Structures are given as structure tokens and as C-alpha cells.
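A quick write-up on the structure given underneath.
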Amino acid sequence: MLALLSGLGMAVAYGALGLTLITVGTQWGVTQIEAGRAAVIIVTELFVTVFSASVIMASTLESAEIPIDAKVICAALIEGLRKAGPRLGEGS
């Protein structure tokens, strides 16, 4: 029972502290770049998470998922390679 409470306490601490810091950092970070670039970064993060989970679980991607994944990768590359315009409020 003590081990369960200890594990539960660690999970609560991780959720309260770790995830809060990660969320705040992400929210601050996306305010520092263009909206399109931020959106692609967030979606790419989700793609990498799904891909990593499939590798860890030794499962394969469905054939219908591969073109979608390729689109995410292409969007990330296109957005990453284009030149950023002026930020809002900075003038031209």
C-alpha cells in the first residue's frame, strides 16, 4: 500500500509540476513565432509521438496512415524552409 501511495504521489507531482511547466513553456513558445509555424510544430510533435509509440510497441502503421504522415512531414519541411515574415506589430 505504501508503494502505491508513493507511486501515486510521484504521478501527481509529475502532473502538477512537470506537465504544468511543459504546457506553460509551449504556450509561451508558440507566441514567439508565426501561427502557421507554431501549428506545424505542434502537429509534428503529435506525429512524432504516435510514431515513437508505434516503434516502442513494435506495431506497424496502417497503409492509410502513411500518406497522412508524409503530408505532415512535408508541411513541416516547407514551413521550416520558408523565410519568416515580420511579426505582428513590428511594421514592414
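The model shown is predicted, which means the values in this text are computed figures rather than measured ones. Residues: numbered from 1 along the sequence shown.
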Exercise. Backbone N or O of Trp28 within a donor-acceptor pair of the Thr31 side chain at under 3.5 Å?
Worked result: yes

Exercise. Can you tell me how far CD1 of Ile78 sits from NZ of Lys71, rounded to the nearest 0.5 angstrom?
Worked result: 12.0 Å

Problem set entry | Cluster check Ile33, Ile42: I/L/V/M/F/W/Y, side chain < 4.5 angstrom | no

Problem set entry | Candidate pair Phe47 and Val43, rule side chain to side chain contact (heavy atoms under 4.5 Å, CB included), full reasoning | CA-CA 6 Å; Phe47 163 73; Val43 171; 5.7 Å; no

Problem set entry | Separation between CD1 of Ile41 and CG of Leu46, rounded to the nearest 0.5 Å | 12.5 Å

Exercise. Are Leu77 and Val48 co-members of a hydrophobic cluster defined by side-chain heavy atoms under 4.5 Å apart?
Worked result: yes

Exercise. Minimum heavy-atom separation for Pro67 to Ala64, with atom names?
Worked result: CD-O, 3.5 Å

For this session: Could you grab the distance from atom CD1 of Ile73 to atom OG1 of Thr44, nearest 0.5 Å is fine?
Result: 8.5 Å

Exercise. When rounded to the nearest 0.5 angstrom, what is the spacing between CD1 in Ile22 and OH in Tyr14?
Worked result: 4.5 Å

